[in-house]
Amino acid sequence: MTGRGIIDAHHHVWDLAVRPQSWITGEALAPLNRSFSAEDLTPEARAAGVTATVVVQTVCVPEETPELLALAAGNRLVAGVVGWTDLTDPGTTDALAVLREGPGGDRLVGIRHQVQQEPDPDWLLREDVQRGLTAVADAGLAYDLVVRPHQLPAAVAVAARLTGLTFVLDHLGKPPIASGALGPWAADVRRLAELPNTVCKLSGLVTEATPGAWEVADLQPYADTVLDAFGPQRVLFGSDWPVSTLEAAYGAIVEVADRLTDTLSPADKDAVFRGNAARVYRLAL
C-alpha cells in the first residue's frame, strides 16, 4: 500500500439545504442527491491514510467558493480549495483578490469552470476566457480542466498559449473507459502532456467505466497512458468523492489507485499520492 500521509487532490462537498446541485439528475445519480460534508469524509479519509485534501467546486455560482474557503479555514483535513469565478468577466483579477482577502482566502489554490457543460468545444479559446485565465496565472493559482475528450484539442491549444499557467487535467479528461476505446483520447492526452505546464489527476476512472461491472484491469490502460505521457512527477491522486461512491467506498478508491500504480518505485508513488499535489497546488501543510 501507499502508506500514510496521502493527499487527496480532488473531492467535493455540497449541502442541498444551501443550494441544489442541478447536475444531479436521473436514476443513475440518485444516490448523490443528498448532502455530503467534510465531516462525512474525514473518518473515511483518515482511515485510508489521507492527511490532507483539496476540495473542488461543483457549481458555477459566486457564493460557493467563499463557503468552501470558510470550510477549509475551519477544517484540519482540507488544505486547499479549487474554486470558481467568472473567467469571462473583465473583473476577474479583482474577484480573485476579494476571495483571497476573505475568510480562508489563503487556502485558494486553483480555479475551475465546468467546461464539460459548455456546448462550444472551443470555449477555452475565447478571448474573454483567455483573459480570465491570464488573471488566474497572475494570481499564482492553478487552473483545473474538467473537459470531455472532444474538448481536449482546445485544452491543448490554450495550454500552449498560456505557458505561465499550470493546467490540471481532471479525471484524465473523462476517457471512454466503458467502451474500452483509447483513441483519439490517448493521442490528445499525449499532446497535452507534451506541454510542461500541464499535469493530470488520477481520478474519476471508476465512474467512466461500465457501472457495477468494471475491474481494475479495465482501468489500467488509461492509467498507464497518463503515467507514461505525463510521467509520475506530473500525476496527482484524487478520489472524486462523493461521486466515486456510486461505484466504490472511499477506501476502495484509494486501493484501486494504489493497484493502478503498482509498477512505480516507492519514490514515484510518493510523488503521485503526496508530493505532486503539494507542489502543484502550493499547499501549506
Side-chain angles (χ1 to χ4, degrees), residues 8-38 40-41 53-69 71-72 78 80-89 99 108 110-124 126 129 132 136 142-152 154-155 167-179 185 200-212 214 222 238-250 253:
D8 178 353
H10 195 106
H11 74 87
H12 308 287
V13 296
W14 57 78
D15 185 349
L16 297 185
V18 175
R19 73 180 53 84
Q21 299 288 312
S22 59
W23 57 275
I24 302 178
T25 60
E27 184 178 350
L29 298 184
L32 300 179
N33 196 25
R34 66 176 182 85
S35 298
F36 290 88
S37 70
D40 295 328
L41 171 64
T53 71
V54 175
V55 64
V56 180
Q57 64 86 224
T58 58
V59 291
C60 298
V61 298
E63 296 83 7
E64 182 191 43
T65 301
E67 294 164 4
L68 294 177
L69 292 171
L71 163 68
V78 181
V81 173
V82 174
W84 179 87
T85 193
D86 185 357
L87 297 176
T88 69
D89 190 320
L99 288 172
L108 185 66
I111 293 296
R112 187 175 86 154
H113 177 75
Q114 295 286 344
V115 179
Q116 63 180 348
Q117 296 176 357
E118 293 291 342
D120 180 4
D122 292 327
W123 185 87
L124 286 163
R126 285 172 40 169
V129 173
V136 173
Y143 182 73
D144 270 38
L145 286 163
V146 56
V147 296
R148 299 189 183 278
H150 73 282
Q151 297 168 318
L152 281 170
F167 289 85
V168 184
L169 181 63
D170 290 351
H171 314 327
L172 286 71
K174 298 194 168 239
I177 299 175
S179 72
W185 165 83
C200 182
K201 285 183 183 175
L202 187 65
S203 63
L205 280 77
V206 297
T207 46
E208 296 302 321
T210 303
W214 55 272
Y222 302 92
S239 70
D240 197 28
W241 182 93
V243 181
S244 56
T245 63
L246 292 170
E247 291 296 323
Y250 190 93
I253 293 296

* To do: Kindly indicate whether the side chain of L68, heavy atoms from C-beta on, has any atom under 4.5 Å from the side chain of V78.
  => no
* Between D86 and H113, do the side chains contain an N or O donor and an N or O acceptor separated by less than 3.5 Å? -> no
* To do: For E64 and T58, indicate whether the former's side chain and the latter's backbone hold a donor-acceptor pair under 3.5 Å.
  => yes
* To do: May I ask you to decide whether D120 forms a salt bridge with R126, counting only side-chain N to carboxylate O separations under 4.0 Å?
  => no
* About how many Å separate CG of L32 and CD of Q21, when rounded to the nearest 0.5 Å? -> 9.5 Å
* Side-chain donor or acceptor of R112 paired with backbone N/O of V146 under 3.5 Å -> no
* When you check the side-chain N and O atoms of T53 and H11, is any donor under 3.5 Å from an acceptor? -> yes
* Locate the shortest heavy-atom distance separating A72 from V81; write the atom from each residue and the value. => CB-CG2, 3.8 Å
* **Partners passing side-chain contact (heavy atoms from CB on, under 4.5 Å) against S203 (at least two apart in sequence or in another chain)** => H171, K201
* Structure fact -> Residues G173 and P149: closest non-hydrogen pair is O-CD, 3.4 Å
* Please answer whether the main-chain N or O of S37 pairs with a side-chain N or O of W14 as donor and acceptor at a distance below 3.5 Å. => no
* Structure fact -> Shortest non-hydrogen pair, W123 vs L87, comes out as CH2-CD1, 4.3 Å
* Structure fact -> When rounded to the nearest 0.5 Å, the distance separating CD1 of I253 from OG1 of T207 is 8.0 Å
* To do: Would you name the heavy atoms of P62 and P66 that are closest together and state the gap between them?
  => O-CD, 3.0 Å
* Please assess L246 against V206 for the test side-chain contact (heavy atoms from CB on, under 4.5 Å), listing each intermediate value before the final yes or no. => CA-CA 9 Å; L246 292 170; V206 297; over 6 Å; no
* To do: First locate atom OH of Y222, then atom CG of L172, and finally report the distance between them rounded to the nearest 0.5 Å.
  => 10.5 Å
* To do: Please tell me if the side chains of W241 and D40 come closer than 4.5 Å, counting only heavy atoms from C-beta onward.
  => yes
* **Test item: Y143 and L124 side chains (from C-beta on) under 4.5 Å apart, heavy atoms** => yes
* Would you indicate whether the side-chain heavy atoms of L152 and L145 approach each other to under 4.5 Å? => no
* To do: Using the test side-chain hydrogen bond (donor to acceptor under 3.5 Å, both in side chains), find all partners of E247 that sit at least two apart in sequence or belong to another chain.
  => W214
* Candidate pair D144 and H10, rule side-chain contact (heavy atoms from CB on, under 4.5 Å), full reasoning -> CA-CA 10 Å; D144 270 38; H10 195 106; 4.2 Å; yes
* Asked: What's the spacing between F36 CZ and L16 CG if we round to 0.5 Å?
  -> 8.5 Å
* Does V129 reach the side chain of T88, with side-chain heavy atoms less than 4.5 Å apart? -> yes
* Structure fact -> Between the CD atom in Q117 and the OG atom in S22, the distance rounded to the nearest 0.5 Å is 6.5 Å
* **Considering all heavy atoms, the nearest D8-S239 contact** => OD2-OG, 2.6 Å
* Under the 3.5 angstrom rule, does the side chain of H12 hit a backbone N or O of V56 as a donor-acceptor pair? -> yes
* Donor-acceptor contact present, side-chain E208 to main-chain L205, <3.5 Å -> no
* Of all heavy-atom pairs between L99 and L69, which one has the smallest distance, and what is that distance? -> O-CD1, 3.7 Å
* Asked: Roughly how far, to the nearest 0.5 Å, is CG of L202 from CG of D170?
  -> 12.0 Å
* To do: Please report the C-alpha distance between V82 and V54 in whole Å, then the side-chain angles of each, then the deciding distance to 0.1 Å, and finally whether the side-chain contact (heavy atoms from CB on, under 4.5 Å) criterion is met.
  => CA-CA 7 Å; V82 174; V54 175; 3.8 Å; yes
* Hey, could you give me each pair passing salt bridge (charged side-chain N to carboxylate O under 4.0 Å, His left out) that has a residue in residues 11-26? Not counting sequence neighbours. => R19-E67
